Amino acid sequence: MRSSIITSALLLFGAVQADPGAKKNTGGPIDASILAHTGEPAGKEIKIANNLTVYISPPPPKSPRTKPRSQSAILLLTDVFGLNLLQNKLLADSFARAGYLTLVPDLFAGSPAPSDINDPASANFSIPAFLAAHQPPVTDPIIASAISHLRGSLNISSIAAAGYCFGGRYALRVVNPSPGGADVAFAAHPSLLTDEEISGVEKPVSVAAADRDELLTAARRAEVEGLLLGAGGRYQVGVYGGTPHGFAVRANYSVESERFGKEGAFLQAVGWFDEFLVGRG
């Protein structure tokens, strides 16, 4: 089913809300008030098999949204800034407040990209060398370990992959036949996607795109949508006006369009996951 959202138009209709509760026993709707952009992380870092560090954030036990999601979890796949970026942990905590156990694997073995790549102190950092060192043969096994922990150690039966920038590519990879492992995917401003990774998806996919993204241009975005249409599955593409690459994580909240974009992308993801992971009442 083809479904496209031109998010700028939503400004005409007030605040966006994820409210699939009318059709399903979801525990009620949410709004953007649960999305944290500043503050202290609520979860914790732990070690799992293969010496992998993960950040895990459990849902509030008394929330009415937690019980309907007790067998579901979100696997959050970060941008290149990894667990060192506060907003990545706060995003995981926000998904947890939506009722989903959320796990964030360290995709970079403790050495993510510096938080400010343009800082003179980062002059020796090479983006091409960093990306070359974190190709699928390296990254796929890390994600597989996280999925194995969710399914084997935590008894999770349904997994949603939420990927951002670098992680957006891998959110789509885990709903391909190989490497697979997830049941539904959301990708915000994904980068480095290949045509094969897009056309190979076999599970529902939602994409949140920036209209000013140098890594996912308007032309490439049209190609992505065409490939998803050709794949024949359920998909959704949302375009957020006045937003740059990275807005769904590192939005500048002093810019209204970026704040609205981050909130809208978050609610887009939650609504998508609720649609495909939460059982009907």
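Side chains included, hydrogens not; waters and symmetry mates left out as well; all remaining heavy atoms used. Please read these numbers as outputs of a predicted model, since none were measured by experiment.
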Are the aromatic ring centres of F81 and F108 under 6.0 angstrom apart?
-> no
Mark yes or no for whether K203, through its side chain, and A182, through its backbone, hold a donor-acceptor pair below 3.5 Å.
-> yes
Would you kindly confirm whether L101 and L90 end up in one hydrophobic cluster when ILVMFWY residues are joined by side chain heavy atoms under 4.5 Å apart?
-> no
Smallest heavy-atom separation, R173 atom then D140 atom, equals NH2-OD2, 2.6 Å
Would you confirm whether Q87, through its side chain, and R250, through its main-chain N or O, come within 3.5 Å as a donor-acceptor pair?
-> no
Do the rings of Y164 and F95 sit parallel, tilted or perpendicular, given the 30° and 60° boundaries?
-> tilted
Establish whether L75 and I46 are linked, either directly or via other cluster members, by ILVMFWY side-chain heavy-atom contacts under 4.5 Å.
-> yes
R151 side chain vs S157 backbone, donor-acceptor pair below 3.5 Å | yes
Between R69 and G99, is there a donor-acceptor pair closer than 3.5 Å when you use the side chain of the first and the backbone of the second?
-> no
Do side-chain atoms of R169 reach the backbone of P190 as a donor and acceptor pair under 3.5 angstrom?
-> no
Looking only at non-hydrogen atoms, find the nearest pair between D79 and N88 and report the distance.
-> OD1-ND2, 3.0 Å
Which class fits the ring pair F247 and Y240: parallel under 30°, tilted 30 to 60°, perpendicular over 60°?
-> tilted
Are R259 and E263 close enough for a salt bridge, meaning some N to O gap below 4.0 Å?
-> yes
So does E40 have more than 12 non-hydrogen atoms from other groups sitting under 6.0 Å from CD?
-> no
Derivation and outcome, salt bridge (charged side-chain N to carboxylate O under 4.0 Å, His left out), residues R65 and D274 = CA-CA 10 Å; R65 288 181 57 89; D274 282 356; 2.9 Å; yes
Decide if atom NZ of K47 counts as having more than 12 heavy atoms of other residues, nucleotides or ligands within a radius under 6.0 Å.
-> yes
Distance-only, no hydrogens or angles: does the D93 side chain make a donor-acceptor pair with backbone N or O of A42 under 3.5 Å?
-> yes
Backbone of P60 reached by a side-chain donor or acceptor of T66 within 3.5 Å = yes
Pair L107-H134, side chain to side chain contact (heavy atoms under 4.5 Å, CB included): steps then yes or no | CA-CA 8 Å; L107 300 177; H134 298 286; over 6 Å; no
Under 4.5 Å between side-chain heavy atoms, hopping through other hydrophobics if needed: is there a path connecting Y55 to I48?
-> yes
